[in-house]
Peer 1: 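Here you go, one structure.
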2 protein chains.
Amino acid sequence: MKLIEMNREQLSEFKKKVQSDYDEFKSRGLSLDMSRGKPCAEQLDLSMPLLNALVSDSDIKDGAGTDCRNYGILDGIKEAKELFAEILGVKPEEVIVGGNSSLSLMYDTLMRLMVFGTLGNTPWCKEEKIKFLCPAPGYDRHFAITEKLGMELVTVPMTKDGPDMDIVEKLVADKTVKGIWCVPMYSNPEGTTYSDETVKRLASMKTAAPDFRIFWDNAYCIHHLSDTPDVLLNIMDECRKNGTEDRVYMFTSTSKVSFSGAGVSAMAASEKNIADIKKTLTVQTIGYDKMNQLRHIRFFKDFDGVKAHMKKHAEILAPRFKAVLDALEKEIAPLGIGEWNSPNGGYFISFNTMDGCAKRVVELCKEAGVVLTGAGATFPYGKDPADRNIRIAPTYPSVDELEKAVELFCICVKLASAEKLLG
Amino acid sequence: MKLIEMNREQLSEFKKKVQSDYDEFKSRGLSLDMSRGKPCAEQLDLSMPLLNALVSDSDIKDGAGTDCRNYGILDGIKEAKELFAEILGVKPEEVIVGGNSSLSLMYDTLMRLMVFGTLGNTPWCKEEKIKFLCPAPGYDRHFAITEKLGMELVTVPMTKDGPDMDIVEKLVADKTVKGIWCVPMYSNPEGTTYSDETVKRLASMKTAAPDFRIFWDNAYCIHHLSDTPDVLLNIMDECRKNGTEDRVYMFTSTSKVSFSGAGVSAMAASEKNIADIKKTLTVQTIGYDKMNQLRHIRFFKDFDGVKAHMKKHAEILAPRFKAVLDALEKEIAPLGIGEWNSPNGGYFISFNTMDGCAKRVVELCKEAGVVLTGAGATFPYGKDPADRNIRIAPTYPSVDELEKAVELFCICVKLASAEKLLG
């Protein structure tokens, strides 16, 4: 029976039962952190051979004979540029290989736009006002950068095809709208892969700002969970067809492929953009860590090696996603008090409570020892207007822990929903 | 006989002889790059055990039990903060451990000042005009960052005690003067270590700008060449005495200790500054490469380990510096056509030709196959008003190569000087 169909008496009875389940759980003294999309130790273990990928004198030179221990090479060793070009679907000369964090490549890119502008346009810090489009639910760390930069964050609703393009197309007619955050494949948190039409419209839409930029964070482009993975249209190709190839900056990393804190990041952009970026990059650094780039190349060898490696990740992650989805299906679906996605890849399950219950669910979970991503975090300024979205990150805990955590989660959803309906 | 004491006939004869030496050299087809302060392979080899410092499951956790492969820890693992605190003479809580490049820590720091300002002061990009003090000869990459940011670079002459403090004290009474570049120990390129008085005056001087900042790039603080190393007064201690501890940002790295391209960098500042920096750093990145920090800690163990390691560097470098200095003493000193320093540490020998000869010397060397740092590079905007300073970087070539290169260098100095005197 759906909770909404219960009369007050039935609801009270339901709540009483759930409250007792909750109290029992609370007494167990759980302590679990499901707040961030962190790989588990088992996943990290897959990359332990990285540590032995470079050991002796014969391991220190790249294919061109450059001693990777020394200074030099601004944009990454050739082999790393080639690998990331393949992953992102661009040309090697459109790639800059970075340090351990694609987030800081995005931050750096925005800071350059603020201070220097790009391709002859006014630096953004000299503009009166700047707006940035934030498809939501989305990634809190994206929103945090543009918020910190003092931009006005404009929420764009997500659809099953990606950001609502009717709304995006209207918004970009405003010349103060300078960019959009996109996680185009297995989006954070909903696991949505943008439809071909969405990609085409992003590539072809008319923007009032000549320096409008798409931040295409393809963090999960190879993070499939099923044997029938989603397919994402190549935005750079679409942009080229429309002569808008300067519009997009692409980002990815091996943070969830090798080591989250010690992987290799990369960005890609049109050759014109890359040349513009390098003018600043050359004063910023002499070069990123080439030894770590080489280490990754020696370990993965090539794109096929990376793909084979990702299958092992999927094997570890699939049971974790299943544990959560099974419990939600069993405990929540019959009551009609929540909706969620069943993603084909990525790192999250996005759960929507009844309106106005998300904060309470997160609070109840926390009090019983399970930390979830803060309610609202998936929206600009941390404010979910419907107070309903919760990002579940099932990758880090063990399946056992996860089963306990999701059991508690379901109890908390039930309790918060009953509280809400009882008023 | 000094060149300046020769009559025209003697000079012509001298030039003829030197020209013939030069032509002979040119025909040998040398190809040597002495343009940058790069460690030689022998130096890099000292750190090869780094590659085997982390190999198995038992090597992946820091002292606090954190899995360094995963996300987290914004400001560096505890052991790394402690080591750099000791190296820089500050408290661990005043340290942020970064990625492979202290240059990018400096760039990031300036970018933050541009976009966000610091401690409640106006962001620098909102200021009409900003001036930055550049003690010269100095480090071209420092000057390049502030030039790129559109600041006016103000040259401050270097003395044997550091920047001319009479001039600095006058200049900082101008509130558009926002900072100064300092390489306080074994300065690039002159090898000067700031005197106690200079450090005290920098710490105590009255600055018109409340957000005036000293960029204290202590790149060579442990890079001694002799057994009687220079001693630098601790500027943070001096600042504390004067209540000006927010004035200084300190930087260093292991770039010339372990691997130049794959070392670990760090910065230090007052706790107030560090708190302010972290507000932005936390949106910039989830954390720097902790595995590389841990790798360095396991290899060096502690500050004593680092010091012992630096003695091995000195053993490799001392003969290289000697080769250059001996040749200059023998070939140039008797002719009175140049002045240079004999540094106690660092990476360079700074050579001053007769006025107006530096560009010509660099050009002559290049034509004969030896690339030096561009003449003028040690001055703001690449313009040496007297056209006399040349930075010699003796670390990278072998002693054999260096002997040839410096032989050529001396010939070029002689030739350029004779050309100059003959008019």
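Note on naming: letters A, B, ... go to the chains in the order of the sequence lines (proteins, then strands), and numbering restarts at 1 for each one. Just the heavy atoms: all of them, side chains too, but no hydrogens, waters or symmetry mates, feed the values below. Quick caveat, the model's predicted, so the values are computed rather than measured.
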Peer 1: So for A:D289, is it side chain, backbone, both, or neither that comes closer than 4.5 Å to the heavy atoms of chain B?
Peer 2: both
Peer 1: Is there a side-chain contact between A:V283 and B:R141 (heavy atoms, below 4.5 Å)?
Peer 2: no
Peer 1: Which answer fits A:V115, side chain, backbone, both or neither, if we ask what part of it has an atom under 4.5 Å from a heavy atom of chain B?
Peer 2: side chain
Peer 1: Locate the shortest heavy-atom distance separating A:N70 from B:P39; write the atom from each residue and the value.
Peer 2: ND2-O, 2.9 Å
Peer 1: Side chain, backbone, both or neither: which part of A:D59 has a heavy atom under 4.5 Å from chain B?
Peer 2: neither
Peer 1: Do side-chain atoms of A:N100 reach the backbone of B:G287 as a donor and acceptor pair under 3.5 angstrom?
Peer 2: yes
Peer 1: Answer with side chain, backbone, both or neither: which region of A:K126 has an atom nearer than 4.5 Å to a non-hydrogen atom of chain B?
Peer 2: side chain
Peer 1: Do you know which two heavy atoms are closest between B:M48 and A:V55, and how far apart they sit?
Peer 2: CE-O, 4.4 Å
Peer 1: Who among B:C40, B:A262, B:G263 has the most heavy-atom pairs with chain A under 4.5 Å?
Peer 2: B:A262
Peer 1: Tell me, do B:Y71 and A:S255 make a side-chain contact under 4.5 Å, heavy atoms counted?
Peer 2: yes
Peer 1: Under a 4.5 Å cutoff for heavy-atom pairs, which residue among A:D45, A:N292, A:D67 has the most contacts with chain B?
Peer 2: A:D45
Peer 1: Is the closest side-chain heavy-atom distance between B:M291 and A:L51 below 4.5 Å?
Peer 2: yes
Peer 1: Evaluate the side chain to side chain contact (heavy atoms under 4.5 Å, CB included) criterion for residues A:L103 and B:Q284: first the C-alpha distance (whole Å), next the side-chain angles of each, then the deciding distance (0.1 Å), finally the verdict.
Peer 2: CA-CA 7 Å; A:L103 192 72; B:Q284 174 176 2; over 6 Å; no
Peer 1: Find out whether B:M111 and A:D108 are in side-chain contact, i.e. whether some heavy atom of one side chain is under 4.5 Å from a heavy atom of the other.
Peer 2: no
Peer 1: Could you tell me which portion of A:R295 (side chain, backbone, both or neither) has an atom closer than 4.5 angstrom to a non-hydrogen atom of chain B?
Peer 2: side chain
Peer 1: Checking heavy atoms, do the side chain of B:Y107, its backbone, both or neither come under 4.5 Å from chain A?
Peer 2: side chain
Peer 1: Heavy-atom distances under 4.5 Å only: say whether A:I60 touches chain B with side chain, backbone, both or neither.
Peer 2: side chain
Peer 1: Which bit of B:M114 is near chain A, if near means a heavy-atom gap under 4.5 Å: side chain, backbone, both or neither?
Peer 2: side chain
Peer 1: With side chains defined as the heavy atoms from C-beta onward, is the minimum distance between B:F259 and A:K290 less than 4.5 Å?
Peer 2: no
Peer 1: Given that the side chain runs from C-beta out, which part of B:T285 has a heavy atom under 4.5 Å from chain A: side chain, backbone, both or neither?
Peer 2: both
Peer 1: Sub-3.5 Å donor-acceptor pair from the side chain of A:N52 to the main-chain atoms of B:S56, do we have one?
Peer 2: no
Peer 1: With a 4.5 angstrom heavy-atom cut-off, could you sort out which part of A:A41 is near chain B: side chain, backbone, both or neither?
Peer 2: both
